[in-house]
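Take a look at the structure below.
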Amino acid sequence: MPFNTNDPQRKTWLPIPQNSDFPIQNIPFGVFLTRDDIITIGTRIGDHAIDLGALHQLGYFEGIPLTDDIFLQDTLNDFISDGKKTWRLVRNRISAIFEKNNPALRDNEAHRKIVLFTLDEIEMQLPVQIGDYTDFYSSKEHATNVGMMFRDPENALLPNWLHIPVGYHGRSSSIVASGTPIHRPLGQTMPAGASTPEFGPSKLVDFELEMAFITTDANNLGEPIPIADAEDYIFGLVLFNDWSARDMQKWEYVPLGPFLAKNFASSMSPWIVTLDALEPFRVESPKQNPTPLPYLQQEGKRSFDIHLEVDLTPENSTTTTITKSNFKYMYWTMAQQLTHHTSNGCSVNSGDMMGSGTISGPTPDSYGSMLELAWQGTKPLQLNDGNERKSIQNGDTVTIRGFCDNGGSRIGFGEVTTKLLPPFTEFKDS
């Protein structure tokens with residue numbers, strides 16, 4: 001099936017701001033609350049949100065095998081379950097409806113009033129019901145930096161890291177949509193020089209610059225997914241901030257890995273950008289040495305050139321861009337992550353989320369966490385307002401943006417923005 005949506009010459013009759021993340025070539029999917037307090041599945045072109053439920057009811061998807069209520073739900077899970085063929089048919093049809101010379105909707109004022117919303121008329125929701133969430137640890141630069149800080153600098157990577165995509169199972173209940181503020185977590189820490197732990201607010205809250213992919217129903221229990229087929233089960237990607245409490249994590253992670261330091265909150269961008277939309281931006285992934293075992297060996301370009309930026313804005317102050325990185329730095333690809341995840345027969349369902357792990361580049365200005373940017377607090381980060389940061393403070397807002405741009409076309413993800421609030425409550429000694 002052709003990628004009609006990817007033609008860089010295609011124009012739309014909707015106005016598109018310059019350097020928009022959402023040209024007609026993008027056509028992401030999300031869920032939003034309309035001005036009439038109705039939740040619907042939609043897409044976005046430029047600065048307009050499009051009600052796909054209304055489009056379907058008005059007959060614009062005629063000929064595509066869709067159930068009557070497929071876009072009238074409050075999550076994308078069922079649509080994602082329909083598989084890649086359906087996703088492509090729907091995106092191609094949307095592209096055709098909004099193509100510059102198609103008068104069907106363009107010249108129907110009554111239908112346009114039903115279907116189109118400006119962004120100030122909607123409220124974005126979490127786009128999927130996330131049944132399971134796995135977080136990987138797949139940036140070689142990040143893993144090396146952490147290993148240098150906390151272990152032997154000469155042997156920063158643990159022996160397994162270059163052989164398997166390391167990961168752990170996170171907590172889906174605390175994943176929130178962009179714009180949802182989070183609270184500083186409470187937990188146990190072991191202060192420097194102390195012999196017993198204490199309980200209280202984390203003193204070292206950190207962001208983690210990540211992306212995450214959303215899966216469709218991929219396999220039955222016991223059935224591995226071959227690496228050649230893995231991308232067929234990936235619906236699309238979002239920006240992802242996997243918040244961390246570094247002092248809690250240092251105390252609790254041995255022997256079973258991350259727990260309360262990682263499950264208090266994670267933030268995702270609301271629009272899911274499909275792999276089809278990202279096709280023009282494929283690049284080679286980093287050379288892997290040693291060569292992975294046969295089941296993880298891949299062919300072709302399996303990474304994507306996605307520019308990533310992180311802003312930090314203290315309360316009532318100016319914004320500082322604190323890092324610029326790129327998704328293409330990831331050592332282990334999404335295909336390898338999903339293949340390894342299912343190599344033992346683990347089943348994957350529609351709406352499951354897989355986090356990339358912190359994305360760090362090769363230079364200090366491309367590191368993907370405050371832990372690295374401030375190098376464990378020894379090199380405080382200077383902000384534009386004259387203040388400095390070793391970690392995220394109460395009132396700080398962290399914003400992650402991501403986009404692809406090859407000079408001929410641009411596809412973006414919008415942003416995921418989150419404000420850190422004080423602890424919800426503080427426990428008092430009885």
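For the pair Q288 (side chain) and Y331 (backbone), a donor-acceptor distance under 3.5 Å is present. Side-chain atoms of H307 never come within 3.5 Å of backbone atoms of C404 as a donor-acceptor pair (strictly under, hydrogens ignored). With hydrogens and angles disregarded, a donor-acceptor distance shorter than 3.5 Å links the side chain of R151 to the backbone of A156. Counting only distance, with no hydrogens or angles, the side chain of N326 and the backbone of I306 share a donor-acceptor pair below 3.5 Å. Side chain of Q73 to main chain of D78: no donor-acceptor pair is present (N/O by atom type, distance under 3.5 Å, no hydrogens or angles). In terms of modelled atom types and a separation under 3.5 Å, the side chain of T320 and the main chain of I322 share no donor-acceptor contact. Put simply, the side chain of H340 never gets that close to the backbone of V166: no donor and acceptor are under 3.5 Å apart. For S391 (side chain) and D206 (main-chain N/O), no donor-acceptor pair under 3.5 Å exists by modelled atom type. No donor-acceptor pair under 3.5 Å is formed between the side chain of Q129 and the backbone N or O of T75. In terms of modelled atom types and a separation under 3.5 Å, the side chain of N6 and the main chain of D276 share a donor-acceptor contact.
When all heavy atoms of L383 and R389 are compared, the pair lying nearest together is CD1-CG, 3.7 Å. In plain terms, the two heavy atoms of L89 and I64 that are nearest each other are O-CD1, 3.6 Å. Considering all non-hydrogen atoms of both residues, G351 and I214 come closest at CA-CG2, 3.9 Å. Contact record, E299 with R302: O-NE, 3.1 Å, taken as the closest heavy-atom pair. Nearest heavy-atom pair across Y295 and S343 is CE1-CB, 3.8 Å. Taking all atoms of both residues into account, the shortest heavy-atom contact from P17 to G46 is CD-CA, 4.1 Å.
Contact annotation: the side chain of V398 approaches that of W243 to within less than 4.5 Å [non-hydrogen atoms, C-beta and beyond]. The shortest side-chain heavy-atom distance between D405 and F281 does not fall under the 4.5 Å cut-off. Taking 4.5 Å as the limit, some side-chain heavy atom of S369 sits within range of a side-chain heavy atom of R246. Under the 4.5 Å side-chain criterion, counting only non-hydrogen atoms from C-beta, I27 is in contact with S95. Two residues are said to be in side-chain contact when any heavy atoms from C-beta on lie closer than 4.5 Å; H48 and T118 meet this criterion. Side-chain contact between M354 and V348 is present, with at least one heavy-atom pair separated by less than 4.5 Å. Residues P422 and R184 fail the side-chain proximity criterion, which asks for heavy atoms closer than 4.5 Å. Residues S267 and F207 fail the side-chain proximity criterion, which asks for heavy atoms closer than 4.5 Å.
For the atom pair CG of L296 and CD of Q337, the computed distance is 10.5 Å after rounding to the nearest 0.5 Å. How far OG1 of T189 is from CD of Q249: 13.5 Å, rounded to the nearest 0.5 Å. Between atom OG of residue S325 and atom CD1 of residue I359 there is a gap of 6.5 Å, rounded to the nearest 0.5 Å. Considering CG of L126 and OG1 of T180, their distance stands at 8.0 Å, rounded to 0.5 Å. Atom OG1 of T5 is separated from atom CZ of R91 by 3.5 Å, given to the nearest 0.5 angstrom. Within the model, atoms CG of N77 and OG of S350 stand 4.5 Å from one another, a figure rounded to the nearest 0.5 Å.
Inspection of the T40 and D51 side chains reveals an N or O donor paired with an N or O acceptor under 3.5 Å. No side-chain donor-acceptor contact under 3.5 Å links T318 and N384. For the residue pair D217 and S81, a side-chain donor N or O sits within less than 3.5 Å of a side-chain acceptor on the partner. For H142 and Y367, the side-chain atoms include no donor-acceptor pair closer than 3.5 Å.
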- Message: Show, in sequence, the C-alpha distance, side-chain angles and deciding distance for T34 and E121, and conclude whether the side chain to side chain contact (heavy atoms under 4.5 Å, CB included) test is met.
- Response: CA-CA 6 Å; T34 73; E121 294 178 308; over 6 Å; no
- For D385 and S317, what are the C-alpha separation, side-chain angles and deciding distance, and is it a side chain to side chain donor-acceptor pair (under 3.5 Å)? CA-CA 7 Å; D385 64 3; S317 190; 2.6 Å; yes
- Message: With side chain to side chain contact (heavy atoms under 4.5 Å, CB included) as the criterion, how do I272 and V128 come out once you've worked through the C-alpha distance, each side chain's angles and the decisive distance to 0.1 Å?
- Response: CA-CA 10 Å; I272 304 175; V128 289; 4.0 Å; yes
- Task: Using the side chain to side chain contact (heavy atoms under 4.5 Å, CB included) rule, take L338 and I227 through it: C-alpha gap first, then chi angles, then the decisive distance, then the call.
- Result: CA-CA 8 Å; L338 185 56; I227 195 163; over 6 Å; no
- Item | Derivation of the side chain to side chain donor-acceptor pair (under 3.5 Å) call for T313 and T319 | CA-CA 4 Å; T313 309; T319 295; 2.7 Å; yes
- Is there a side chain to side chain contact (heavy atoms under 4.5 Å, CB included) between H183 and F264 once you walk through the steps? CA-CA 8 Å; H183 290 274; F264 64 95; over 6 Å; no
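Ring geometry, F240 versus Y133: the interplanar angle exceeds 60°, so the pair is classed perpendicular (tilted spans 30 to 60°). Using bins of under 30°, 30° to 60° and over 60° for the plane-to-plane angle, the ring pair F79/F71 lands in the tilted bin. Taking the six-membered ring where tryptophan is involved, the planes of Y137 and W161 are perpendicular, since the angle between them exceeds 60° and thus also 30°. Taking the six-membered ring where tryptophan is involved, the planes of W87 and F235 are perpendicular, since the angle between them exceeds 60° and thus also 30°.
Centroid-to-centroid, the aromatic rings of H169 and H341 come within less than 6.0 Å.
Each of T397, T321, T399 was evaluated against D311; a single residue qualifies, T321, per the side chain to side chain donor-acceptor pair (under 3.5 Å) test. Between F29 and the choices I80, V273, V90, the side-chain contact (heavy atoms from CB on, under 4.5 Å) rule is met once, by V90.
The existence of a salt bridge linking E231 and R282 is confirmed by a sub-4.0 Å separation between a basic side-chain nitrogen and an acidic carboxylate oxygen. The residues K262 and D242 are annotated as salt-bridged, a charged nitrogen and a carboxylate oxygen being separated by less than 4.0 angstrom. Look at K203 and D247 and you find no salt bridge, because none of the NZ, NE, NH1 or NH2 atoms lies under 4.0 Å from a carboxylate O. The residues K301 and E279 are annotated as not salt-bridged, no charged nitrogen and carboxylate oxygen being separated by less than 4.0 angstrom.
Listed by first and then second residue, the side chain to side chain donor-acceptor pair (under 3.5 Å) pairs involving residues 20-32 are D21-R410 (not counting sequence neighbours).
Summarising the local packing, OH of Y253 is surrounded by 12 or fewer heavy atoms from other residues, nucleotides or ligands at distances under 6.0 Å. Taking a 6.0 Å sphere around OH of Y168, one finds it holds more than 12 heavy atoms contributed by other residues, nucleotides or ligands. Heavy-atom neighbours of R171 CZ from other residues, nucleotides or ligands within 6.0 Å: at or below the threshold of 12. By the 6.0 Å contact criterion, CD on Q376 is enclosed, its count of non-hydrogen atoms from other residues, nucleotides or ligands being greater than 12.
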